[in-house]
Number of protein chains: 2
Amino acid sequence: MATGRTHRPATRSRGIPEATVARLPLYLRALTALSERSVPTVSSEELATAAGVNSAKLRKDFSYLGSYGTRGVGYDVEYLVYQISRELGLTQDWPVVIVGIGNLGAALANYGGFASRGFRVAALIDADPAMAGKPVAGIPVQHTDELEKIITDNGVSIGVIATPAGAAQQVCDRLVAAGITSILNFAPTVLSVPDGVDVRKVDLSIELQILAFHEQRKAGEEASAPEEAAGAVPPPPVAPHRARPGAPGAPGAPGADSGRQGPDGDVPAVMPA
Amino acid sequence: MATGRTHRPATRSRGIPEATVARLPLYLRALTALSERSVPTVSSEELATAAGVNSAKLRKDFSYLGSYGTRGVGYDVEYLVYQISRELGLTQDWPVVIVGIGNLGAALANYGGFASRGFRVAALIDADPAMAGKPVAGIPVQHTDELEKIITDNGVSIGVIATPAGAAQQVCDRLVAAGITSILNFAPTVLSVPDGVDVRKVDLSIELQILAFHEQRKAGEEASAPEEAAGAVPPPPVAPHRARPGAPGAPGAPGADSGRQGPDGDVPAVMPA
DNA sequence: ATGTCTTTGTGAACGCGTGCACAAAGATGG
DNA sequence: CCATCTTTGTGCACGCGTTCACAAAGACAT
């Protein structure tokens, strides 16, 4: 999963647990597929399999929405599609703006999954004057100067940030000041926002790093049990206290030291992102 | 957050909780920034603020890695960067393949955050013969036919799927058969994989839907407390049992029925994604 | 109408993650 | 060497999320 939330941690949303809310789109997608195949009803078991969860969880999730099933039969597909759509707020139109029309921003603008769920790309915004007027995904890019006007004119409340990390916080501040209350952030930065503004984060490199962790673990344990071989045991944590200028106690940190290498013999590679 | 894991749910990874693992990249990023500014040490409080978490959580997370801090002083930045990098497996080189070079795939290929963390884009793969040979981000796209060969020749263990939903499972199966054991999936589908293969999912439209849910809630509660006004109360769940052909008890499902509309008077808008 | 069979809805137990609060460790100054 | 002050590391309690397991509800056949 590619998410981290900066939500109001405590406030339970109208009794529907956050974890359940996060799964509703999953159920909705599975139900929509069934609906297209004109399947009238599904059991919790079938639907759970299609959504990739276990059936007890699914039933409990649905129980927060109400008693929409029929015992002995299952759930009416069309009815449930509607109920979940309504609960998620997809029965209304959500204009969104995308800020930062680079490779990623352009890809997002072209992404079909947005428009198909009631999300309408109201505007594309970029700081580069050379981009202004140029159409991306059929929508002309507008300059950052117009940001506030665009948001208020279109009544936009959801913003997508796809700028470089350095510009993200500044863009975020302007979005919030202009009235945006929900932000989907693709820039690799921690955004700080006032209370009442929701931020969700999608970080591509973090996902890969998590995979790498597990991958390393797999590789390590298949090479027999006590794989403490290639530099797995850290040097004893001797008093660090500013170990910078080649101090004797300095552990093999990357860059300065030679020795320490991965099994493949490559440099540690740590850089901004 | 944009993630859902299809991990082995029970198996705790060498004592490091999954939630902690997911935060390590966050800490690493903050630490790297400090390192670039040549800051020698940080307190848990400072680092926690930079990473957007609370300091107790950060200290507990680090305690799973070992006792790398110095009481009264804080953490040595360089040392910690190295330790976290090593724990995440970033001290070695991870070749990855990206399958599906559409808008999103191309954006991923160009994304700097990959290369900068030890992830090397070993190959770009697409099913379209017209794409073959065309360079994207300086790397020539190769045809799907080469998939197995590319993976085995380069010893790739991490694959990124950026294909349309329809092709994802098939691509996934081929990747797994070829030896891939970690998959980052951008296609809006549930992938089924054998045990031992990790899948992480990044779903752009799901993130927006979650935001929409909270957004709707905000809008609803600011319009005074008992906002049960515009169609919030569902019709009583009368026995559905295949209520399809205009049966009398059929609730206001979208498409068939008229009535039932959002406050904005728009159609429910539910489609594939 | 009655019985059987299927499937939902949920009470209860369990486990993980979070946050508090404090004791221990060590640095720093006298 | 001792006192003070800062900051880590962690024991503990709490709450959320997951899963089990089963009673209740209803469909369906007879």
Side-chain angles (χ1 to χ4, degrees), chain A residues 1 4-13 15-24 27 40-49 51-77 79-80 83 237-243 249, chain B residues 1 4-13 15-24 27 40-49 51-77 79-80 83 237-243 249:
Chain A
M1 179 170 22
R5 18 187 177 102
T6 316
H7 279 300
R8 64 205 80 122
T11 314
R12 176 72 76 78
S13 305
I16 300 184
E18 188 61 31
T20 295
V21 173
R23 281 188 294 268
L24 290 182
Y27 302 144
T41 59
V42 266
S43 68
S44 63
E45 198 67 53
E46 294 168 314
L47 186 53
T49 303
V53 301
N54 105 14
S55 66
K57 194 186 293 185
L58 178 141
R59 285 198 301 275
K60 178 142 289 195
D61 283 342
F62 284 177
S63 78
Y64 292 115
L65 307 183
S67 283
Y68 293 155
T70 305
R71 298 177 191 227
V73 175
Y75 299 91
D76 182 87
V77 172
Y79 186 55
L80 202 47
Q83 289 298 341
V238 283
H241 180 50
R242 178 89 86 70
Chain B
M1 189 173 42
R5 12 183 183 105
T6 317
H7 279 300
R8 62 206 80 121
T11 314
R12 176 73 74 79
S13 305
I16 301 184
E18 189 60 32
T20 295
V21 173
R23 280 188 294 267
L24 289 181
Y27 302 144
T41 59
V42 266
S43 68
S44 61
E45 198 68 52
E46 295 168 315
L47 185 54
T49 304
V53 301
N54 110 10
S55 67
K57 194 186 295 185
L58 179 142
R59 286 198 301 276
K60 180 145 290 196
D61 283 343
F62 285 176
S63 78
Y64 293 116
L65 307 183
S67 282
Y68 294 152
T70 306
R71 299 176 190 230
V73 176
Y75 299 91
D76 181 87
V77 172
Y79 185 56
L80 203 47
Q83 289 299 341
V238 282
H241 177 50
R242 179 91 85 68

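Each chain gets a letter, A, B and so on, in the order its sequence line appears, and its residues count up from 1.
In this structure, A:F62 atom CZ and D:dG17 atom P are separated by 17 Å, rounded to whole Å. Rounding to whole angstrom units, CG of residue A:L58 and P of D:dT19 are separated by 12 Å.
Under 4.0 angstrom from either OP1 or OP2 of D:dT7 there lies no side-chain N or O belonging to B:S44. Remark: A:T70 is not in phosphate contact with D:dG26, judged by side-chain N or O atoms under 4.0 Å from OP1 or OP2. Residue A:Y68 places no side-chain N or O under 4.0 Å from the OP1 or OP2 atom of C:dT7. Side-chain nitrogen and oxygen atoms of B:K60 include none within less than 4.0 Å of the OP1 or OP2 phosphate oxygen of D:dT10.
Residue side chain A:R71 reaches the base of C:dT8 through a donor-acceptor N/O pair under 3.5 Å, judged by distance alone.
With ring centers used as reference points, B:Y68 lies under 6.0 Å from B:Y79.
Note: A:R59 CZ to A:Y75 OH = 7.0 Å, rounded to the nearest 0.5 Å. Atom CG of B:L80 is separated from atom OG1 of B:T41 by 11.5 Å, given to the nearest 0.5 angstrom.
Scanning all heavy atoms of the two residues, the minimum distance from A:E46 to A:S43 falls at OE1-N, 2.9 Å.
Nearest-nucleotide mapping onto DNA chain D: of A:N54 and A:G72, the residue sitting toward the 5' end is A:N54.
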